[in-house]
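This report concerns only the one structure given below.
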Amino acid sequence: MKAYLDADEICAALEDGGEIAARIPHYESRQEQFNLTRLIIRGFNEEAIVAAEAGTGIGKSFAYLLPAIRCAQTAKNRIVISTATINLQHQLFEKDIPFLLDVYSGTEEEDGTADEKIKAVLVKGRGNFLCLRRLRFTADEIAAQKELFSDADRDIFDDIFHWAEQTKTGEKSSLPFLPPARLWAQIASDSDSCMNARCLYFANCFYMKNRREAENASILVVNHHVLFADLAVRYDCAGYDGTAVLPSYRYVILDEAHRIEEAATSFFSNSMNKNGLSRLISRLYRRKGAQESGLLVKLRSAAPPAGSASFTESALCNKVLDDLDELDNAALVLCGAESVFRFVAGREGLIQSRLVPPLNNLRSRILELCAALNTIMKNYSNTKENADDEETPPVSAQIDSTVWEARSCLRSLQNAASLCEDFLRYREKPDRVLWIERRGSTGNRNDYAMWTSAPLKLDTVLAEALFTPFKSVIAVSATLSVAGDFAYWGGRVGLNSASKPFLTGVFPSPFPYDKAVLLAIPHDAPPPNCAGMAYQDFIGMAIYRLCHIAGGGALVLFTSYESLRIAYAYCENRLEEANIPVFKQGDDDRARLLRHFLENKESVLFATDSFWEGIDAPGDTLRLVIICRLPFISPSDPVLEARCEDLEREGQNSFMCLSVPEAVIKFRQGFGRLMRRSTDRGVVAVLDSRIIQKFYGKLFFDSLPPTKRSIAPFPELERSVESFLNS
């Protein structure tokens with residue numbers, strides 16, 4: 001059924017005397033919210049694509065949720081709302097949607113019938129849910145071979161086991177602590193090891209409960225990764241009418257839509273590394289002294305190999321580990337000082353002489369192990385099928401579970417072999433970016449190489465898999481345009497080739513930036529690319545002086561962790577002597593770090609990358625944001641490098657077509673951390689003089705709301721900042 005939404009009726013709920021105003025004290029209607037809501041309603045009614053940029057304070061969530069709820073009621077079609085961050089997912093599901101459903105509850109249509117009840121479900125990726133079968137399987141492993149598990153791992157597992165007896169959802173986020181990734185991976189729900197209805201725990205499966213709820217819901221709140229997991233299955237084979245990862249739906253709302261290319265790139269990328277493969281091998285076979293354990297040992301005991309008592313799988317596992325070491329060492333040498341080595345034309349000699357032999361050896365050895373694992377599982381299946389029910393005891397559920405765990409390992413090994421093949425045939429993969437990267441503390445003996453293959457472009461896939469098949473796709477974000485133009489974002493995500501009407505709108509924030517924000521730029525700052533340490537010395541001094549003037553309440557944003565580390569070392573003791581606590585990204589879990597910062601209004605947080613967005617720190621908690629450097633992606637980033645080369649081949653200026661627009665969008669996200677409420681007030685200091693000295697700086701300025709400005713030598717800037725904060 002086609003949706004037809006009455007814009008006047010929906011917007012009436014947002015008016016000063018409307019249903020929402022009656023439930024929110026001191027409610028004030030906002031004209032830009034009305035305008036945004038009407039554009040989204042047009043998108044639903046005209047079955048169009050909408051790209052809407054909504055500044056902070058517009059109330060974009062209500063602007064798309066009100067039409068979404070009405071559409072679910074009238075069109076009887078399911079709607080997916082996808083976000084980039086867990087925080088927004090929970091806000092929508094736990095706060096905004098229940099509030100608006102309550103607004104609509106009990107109202108009557110013109111014909112006197114009551115509105116149909118709408119159900120919303122929060123859907124997370126499979127890996128977020130505990131698997132009860134895998135939990136029990138791991139518990140039995142630990143009980144049988146305690147000496148193979150550390151005391152710390154056993155204690156953590158015991159805590160998880162007790163939590164599992166009480167949890168209603170089985171979600172990792174409901175654990176009172178963050179479990180080690182390696183341990184959670186052994187007990188989380190996993191598609192390759194899932195026994196479905198054959199599982200003894202199927203009736204109580206947390207993941208299946210969530211999916212059954214989704215089947216009965218009209219609104220699904222997901223993240224971008226889950227959305228792309230679903231779209232990938234539909235695009236490849238499943239179509240758009242039945243159930244894939246999600247039940248079928250006809251409308252999509254993308255909040256934080258500026259992140260969808262990044263999310264899709266991540267989803268369609270493949271990677272492997274020595275540490276991950278070593279852990280996988282240890283699941284299959286490990287030995288401590290005379291004690292053997294692992295999935296292969298259990299399978300051998302259940303189904304001895306036919307015709308021969310020799311057991312070669314353990315030797316194969318050891319050979320895979322040896323080949324891994326050889327390949328990892330060769331890769332680290334090629335990564336060199338830059339820590340990255342990309343597979344491109346012109347490097348054939350190095351690749352052929354240094355990497356192809358060990359890569360071929362590893363691939364061949366993994367395939368041998370896969371074949372052996374397949375054989376032993378087939379032997380098990382034959383043993384089970386040929387068992388005499390009266391004379392042979394049934395095969396235990398524990399061994400059955402072992403087979404499914406082994407299948408999961410087999411799939412991971414096959415994926416690793418396939419990735420090796422991609423690297424060996426890199427010249428036949430013009431649509432992929434392939435590289436190896438040093439990970440760890442550079443120069444440390446524990447460094448390892450990460451092998452990654454990522455898509456070069458996603459515009460065609462996104463156009464065909466996302467923007468074309470659905471009735472309407474609504475994309476909203478605080479940062480989609482560059483100086484009011486959607487061409488960059490639209491081109492990157494495939495809107496230029498989508499066969500639907502395309503509606504756009506920019507809706508400025510109602511916050512008083514022109515009175516409440518000072519944009520401070522020292523024009524005497526050394527350029528970031530100057531020789532020596534002049535720039536780094538300057539930002540260390542500037543950060544300390546500005547944070548001291550503000551009395552803390554500062555977020556300092558970097559584009560590199562090395563620069564952050566040096567500046568932090570300069571500022572830490574100086575600021576703490578002034579009773580200003582200092583926190584640094586990497587010293588604690590992100591959520592806890594942010595909580596400590598928010599709880600202490602005099603603190604300073606040094607952060608990079610993920611902290612440029614998604615932080616909500618209203619009031620005096622945050623009165624100073626320092627952007628140390630314009631957030632250009634490093635030119636050595638292999639995906640950016642490959643995409644720039646692709647643009648240059650097409651005759652375009654990659655710097656202006658890709659690097660600058662990408663940096664502008666991220667810069668706007670960093671700037672947006674300051675004003676989260678209409679009463680907020682503070683300073684954004686940009687310590688990169690290129691914003692006023694380079695021709696492209698105007699694009700950064702033109703993408704910001706109007707503010708007070710101080711562009712001056714640093715001593716004069718200090719006085720302006722102090723005067724503004726104290727006024």
Hey, what do you get for [atom1] ([X]) to [atom2] ([Y]), rounding to the nearest 0.5 Å?
| X | Y | atom1 | atom2 | answer |
| --- | --- | --- | --- | --- |
| Leu647 | Leu658 | CG | CG | 6.0 Å |
| Thr138 | Arg133 | OG1 | CZ | 9.0 Å |
| Gln414 | Cys370 | CD | SG | 5.0 Å |
| Asp159 | Arg154 | CG | CZ | 13.0 Å |
| Leu594 | Leu605 | CG | CG | 7.5 Å |
| Ser189 | Met208 | OG | CE | 7.0 Å |

Derivation of the side chain to side chain contact (heavy atoms under 4.5 Å, CB included) call for Leu231 and Val461: CA-CA 10 Å; Leu231 293 177; Val461 170; over 6 Å; no
Report yes or no: does [X] contribute a side-chain atom to a donor-acceptor pair with the main-chain N or O of [Y] at less than 3.5 Å?
| X | Y | answer |
| --- | --- | --- |
| Asp459 | Arg492 | no |
| Arg354 | Gly349 | no |
| Glu262 | Ile260 | no |
| His90 | Leu122 | no |
| Ser364 | Asn361 | no |
| Trp612 | Thr559 | no |
| Asn128 | Gly125 | yes |
| Gln186 | Arg134 | no |
| Asn329 | Asp325 | yes |
| Ser269 | Thr265 | yes |

Hey, are the side chains of [X] and [Y] touching, using non-hydrogen atoms and a 4.5 Å cut-off?
| X | Y | answer |
| --- | --- | --- |
| Asp431 | Pro455 | no |
| Leu277 | Val320 | no |
| Leu130 | Trp184 | yes |
| Cys628 | Tyr535 | yes |
| Trp489 | Leu495 | yes |
| Trp435 | Val433 | yes |
| Asn270 | Asn415 | no |
| Glu141 | Ser293 | no |

[Y]/[X] salt bridge by N-O under 4.0 Å criterion:
| X | Y | answer |
| --- | --- | --- |
| Asp422 | Arg432 | no |
| Asp688 | Arg629 | no |
| Arg182 | Asp153 | yes |
| Glu261 | Arg643 | yes |
| Arg425 | Glu421 | yes |
| Arg259 | Glu613 | yes |
| Arg649 | Asp646 | yes |
| Arg342 | Glu645 | yes |
| Arg439 | Asp447 | no |
| Asp230 | Arg234 | yes |

Minimum-distance pair of heavy atoms, taken over all atoms of [X] and [Y]:
| X | Y | answer |
| --- | --- | --- |
| Ile160 | Pro179 | CD1-CB, 4.1 Å |
| Ala449 | Leu332 | N-CD2, 3.9 Å |
| Phe267 | Ala229 | CZ-CA, 3.2 Å |
| Cys409 | Arg283 | SG-CB, 4.3 Å |
| Leu327 | Leu355 | CD1-O, 4.2 Å |
| Ala475 | Leu480 | O-CD1, 4.0 Å |

[X] to [Y], cation-pi by 6.0 Å centre distance and 45° axis angle:
| X | Y | result |
| --- | --- | --- |
| Arg407 | Trp404 | yes |
| Arg347 | Phe341 | yes |
| Lys298 | Phe137 | yes |
| Arg126 | Tyr207 | yes |

Under 6.0 Å between the ring centres of Phe228 and Tyr235? no
Examine Phe606 together with Phe583 and report whether their ring centres are nearer than 6.0 Å. no
Parallel, tilted or perpendicular for Phe343 and Tyr426, by the 30°/60° rule? perpendicular
Evaluate salt bridge (Lys or Arg N to Asp or Glu O under 4.0 Å) for Glu650 paired with Lys457, printing each intermediate quantity in order. CA-CA 13 Å; Glu650 294 174 356; Lys457 294 193 291 188; 3.6 Å; yes
Could you tell me whether the side chains of [X] and [Y] share a donor-acceptor contact shorter than 3.5 Å?
| X | Y | value |
| --- | --- | --- |
| Thr83 | Thr85 | no |
| Gln585 | Thr608 | no |
| His258 | Gln669 | yes |
| Ser173 | Lys124 | yes |
| Ser408 | Asp190 | yes |
| Glu437 | Thr452 | no |

For Gln652, is the CD atom crowded, meaning more than 12 foreign heavy atoms sit under 6.0 Å from it? yes
Among Asn273, Leu434, Leu359, which one satisfies side chain to side chain contact (heavy atoms under 4.5 Å, CB included) with Trp451? Leu359
Given Asp587 and Arg592, is the salt bridge (Lys or Arg N to Asp or Glu O under 4.0 Å) satisfied, shown in steps? CA-CA 10 Å; Asp587 286 350; Arg592 278 192 295 271; over 6 Å; no
In sequence, state the C-alpha distance, the side-chain angles, and the governing distance for Arg136 and Asp140, and then conclude on side chain to side chain contact (heavy atoms under 4.5 Å, CB included). CA-CA 6 Å; Arg136 172 54 63 185; Asp140 292 342; 3.7 Å; yes
